[in-house]
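What follows is one structure encoded as structure tokens, with my remarks underneath.
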Amino acid sequence: MEKKLIADFKKRFKVKPKVVASAPGRINIIGEHTDYNNGFVLPAAIDRRINFLASSRADDKVVIRAENFEEEDSFNLPVSGKSETKKWSNYIRGVLWVLKTRGEKISGLNILIYGEVPLEAGLSSSAALEVSCITGLNSLYHMGFSPEEIAKIGQKAENDFVGVKCGLMDQFISVFGQKDSAVFLDCLTLEYKIIPFELKSRGLRIIIYNTRVKRKLAGSEYNKRRSEANSALDELKKNGIQSFRDISVVEIEKRKKNMEEKLFKRAKHVVSENYRVKKAVEALNNNDFIQLGKLLFFSHKSLRDDYQVSCPELNLLYECGRRFPTCLGARMTGAGFGGSGIAIVREETKNSFKDLVLKEADKKGFVKPEFYDVEIGEGARAVQT
Ligand code: GLA
């Protein structure tokens, strides 16, 4: 792949790329809508990446070729605003904009991007693009960013330029992911631990189920959940609780009668999800995949009923998972309102599980979903050529 992309780059720009970088998409095993609530998450990088090739130019022009779409965008530095027609370009524009606000000196660039992360599938293709771009430019211009800074620059590009108020999880895992491992991240302190997550030798498989539902609501409802969670926390603060992580599942139940129902539900999800993430880490450390699977099912229920970010297509995966004897666990992954789900199934039964889901989706008249058998891959990397 890399060789072909280098050849494509040379053909288009008549020069060699100076840097070849890439960064992965992700699944989140558990810990949903907890990152921006100063909680815990347990994502893993997948072996599908976005590739970023670049060389610098003598002028101020940036030319980006998106191989997937056979499209190009070009503009002059400094970045003056978003592209209305080429949405993919905004993640790179956003990164260049953040770098400028940080006072980094960047010349014009020739860029080629090619992605293998399914787009608009809730698998963080946008974080992968941002992180591959920053990793590449960090190497090209010797900017000396630490891995943590790379993740934060990506998040800032997304928050302040693209306009999605996401947490740090997606960019963090795209930088820090490791093969056959999940990353247990404390989103308050940014301390993290690498947790072995190896399914193959246990005869298990992780399947991604892409609902292919267009996530129209994702942006607006995501921001709404953030503000509802903030309001819920404000309520708790009146009683001296500073963070969702400081309260137990039992204690939050006791607050039910004093809180507006919706806010109580939002708080209950975050508090219980934090607990489940810690339990999931424990389960993985004990090689207890049965327990991990149960936690996945509980997480889905909580996202469906309390945080209310699921949709019928995602619920279908959960319901099929419940019915299928060798499915250990299943749930939505990422922001919700469409996008993807994950299921852990026994390897030899994975095709019958997919058949079941396909059949049920068809019965309900859903868009035909897609499945991806993925491996857990590496975080971002860059090499100078
Ligand atoms: C999106 C965001 C993340 C996180 C998840 C929900 O993927 O980008 O920061 O909030 O949703 O867990």
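For the single chain, residues carry numbers from 1 onward in sequence order. In listed order, ligands and their atoms are each counted from 1.
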Nearest option to atom 11 (O) of ligand 1, as decided by whichever heavy atom of C166, A127, A335, S126 sits closest: A335
Using a strict cut-off of less than 4.0 Å between a Lys/Arg side-chain nitrogen and an Asp/Glu carboxylate oxygen, indicate whether [X] and [Y] qualify as a salt bridge.
X	Y	value
K301	D305	no
K200	E375	yes
E360	R323	yes

Ligand 1 contact by Q171, heavy-atom criterion under 4.0 angstrom: no
Give the residue and atom name of whichever protein heavy atom lies nearest to [atom], and the separation in Å to one decimal.
atom	result
atom 8 (O) of ligand 1	D170 OD2, 2.6 Å
atom 9 (O) of ligand 1	D35 OD2, 2.5 Å
atom 10 (O) of ligand 1	Y222 OH, 2.6 Å

Suppose I only count heavy atoms of [X] and a 4.0 Å limit; which atoms of ligand 1 are within that range?
X	value
Y36	10 (O)
M169	4 (C), 5 (C), 12 (O)
R26	7 (O)

Look at atom [atom1] of [X] and say whether more than 12 heavy atoms of other residues, nucleotides or ligands are closer to it than 6.0 Å.
X	atom1	result
E120	CD	no
K294	NZ	no
Y275	OH	no
K165	NZ	yes

[X] to ligand 1: N or O pair under 3.5 Å?
X	result
H33	yes
S124	no
G167	yes

Centroid-centroid under 6.0 Å between F184 and Y192 rings: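 Distance test on ring centres: not under 6.0 Å, no.
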